[in-house]
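Have a look at the structure below before the remarks.
Labels below follow one simple rule: chain letters A, B, ... track the order of the sequence lines, proteins then strands, and each chain is numbered from 1.
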Amino acid sequence: MTPGERLLRIYRRLLEAHGHQHWWPGETPFEVMVGAVLTQNTAWSNVERAIDNLRAAGALDPRHIAGMEPGRLGELLRPSGYFNVKAKRLQAFCRWYLEEGGLEALRQLPDGELRRRLLSVHGIGPETADDILLYAFDRPIFVIDAYTRRLFSRLGLISGDEGYEELRGWFERHLGPDVALYNDYHAQIVVQAKEVCRPRPRCEACCLRRVCEYRTTEARRRSVTGTPD
DNA sequence: ACCCAGGGTCATA
DNA sequence: TATGACCATGGG
């Protein structure tokens, strides 16, 4: 079986277990971009509160955010954590967004050029850039995150310590460009990681049990003593 | 009380 | 290039 076939088989199994995820949660592309910055190393439930604060303040708008007093913006972002850092990053992003001429101007750029420009913004790293490219601009960019590394290294498909670009290239090469697939695949990985593929795993409840080479110490002990799974 | 969460930047070696 | 410190709230 080729890596591409294994990847598709794994996706089908995830989809069957969790159902289509309909990502990214967000009313507009701009809201998706804001969420991508705010969710850096942060639980999504906390990000929602911050976005609700922005909406309630009528501030869910690039011009409004760019012109706001940083301390005031920080207060709205407080529930999402790192609020001083994120206030700066969000303002840097919004100023860039406006300088570029807004959504329609950005839509004209080819994938690679748009990615380079996103990465030039202070506070936008590879994963945040790729969230934005895939979920706000519908570009065929496969998002790599800690969950992706954990899941696929436990599945034995990767070692987990590869560089970001190397892994992204590997997934994109084996899956072929497919925005709808990348979109839901990454969402499935996140859901799977939250529910069962935890730092301390719960493989007994894992829909990938048959293809996952990872075993808990208890399962390992059973397997060497001849007790069936 | 501890671990974890949909990362990125900066200083240091 | 490769580590480590730092940022900070909220849920399990």
Parallel, tilted or perpendicular: ring planes of A:His174 versus A:Trp170, cut at 30 and 60 degrees: perpendicular

A:Phe30 and A:Phe93 aromatic ring geometry - parallel, tilted or perpendicular at 30°/60° bounds: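 A:Phe93 vs A:Phe30 ring planes: parallel.
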
Euclidean distance for P, B:dG8 against C:dG10 (whole angstrom):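 Here B:dG8 and C:dG10 have their P atoms 23 Å from each other.
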
C:dA5 versus B:dG6 - spacing of their C1' atoms, nearest Å: 23 Å

So does [X] get a side-chain nitrogen or oxygen closer than 4.0 Å to the phosphate oxygens (OP1/OP2) of [N]?
X: A:Asn41; N: B:dG6; value: no
X: A:Arg49; N: C:dG11; value: yes
X: A:Thr42; N: C:dT9; value: no
X: A:Arg150; N: B:dA5; value: yes

Rounded off to whole Å, could you give me the [atom1]-to-[atom2] distance for the [X] and [N] pair?
X: A:Lys86; N: B:dA5; atom1: NZ; atom2: C1'; answer: 10 Å
X: A:Leu118; N: B:dG8; atom1: CG; atom2: P; answer: 12 Å
X: A:Lys88; N: C:dC7; atom1: NZ; atom2: C1'; answer: 11 Å
X: A:Leu167; N: B:dG7; atom1: CG; atom2: P; answer: 15 Å
X: A:Arg89; N: B:dT9; atom1: CZ; atom2: C1'; answer: 6 Å
X: A:Gln40; N: B:dG6; atom1: CD; atom2: P; answer: 13 Å
X: A:Leu77; N: C:dG10; atom1: CG; atom2: C1'; answer: 15 Å
X: A:Asn84; N: C:dT9; atom1: CG; atom2: C1'; answer: 12 Å

From [options], pick the nucleotide closest to the side chain of [X]?
X: A:Tyr147; options: C:dT9, B:dG6, B:dC10; result: B:dG6
X: A:His122; options: C:dA8, B:dG6, B:dT9; result: B:dT9
X: A:Asn46; options: B:dG8, C:dC7, C:dT9; result: C:dT9
X: A:Arg78; options: C:dT9, B:dA5, B:dG8; result: C:dT9
X: A:Thr128; options: B:dG6, C:dC7, B:dG8; result: B:dG8

Neighbour count >12 (heavy atoms, 6.0 Å) for atom CZ, A:Arg72: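 No, CZ of A:Arg72 has 12 or fewer neighbouring heavy atoms, counting only those of other groups under 6.0 Å.
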
Counter-base of B:dA1, judged by Watson-Crick or G-U geometry with both distances under 3.5 Å: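 When the pairing criteria are applied, nothing turns out to pair with B:dA1, so the answer is none.
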
Verify stack between A:Trp23 ring and B:dG6 base, 5.5 Å, 30 degrees: yes

Aromatic ring of A:Trp44 stacked on base six-ring of B:dG6, 5.5 Å, 30°: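 The ring of A:Trp44 is stacked on B:dG6.
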
Sugar-phosphate only, base, or nothing, as touched by A:Ile124 at under 4.0 Å among non-hydrogen atoms: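 Result for A:Ile124 = sugar-phosphate.
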
Test log, rule ring-ring contact (aromatic ring centres under 6.0 Å, His included), inputs A:Phe152 and A:Phe171: CA-CA 11 Å; A:Phe152 288 95; A:Phe171 279 92; 5.0 Å; yes

Pairing of A:Glu5 and A:Arg9 as salt bridge, 4.0 angstrom limit: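 No.
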
Close side-chain approach of A:Arg139 to A:Leu134, heavy-atom, < 4.5 Å: no

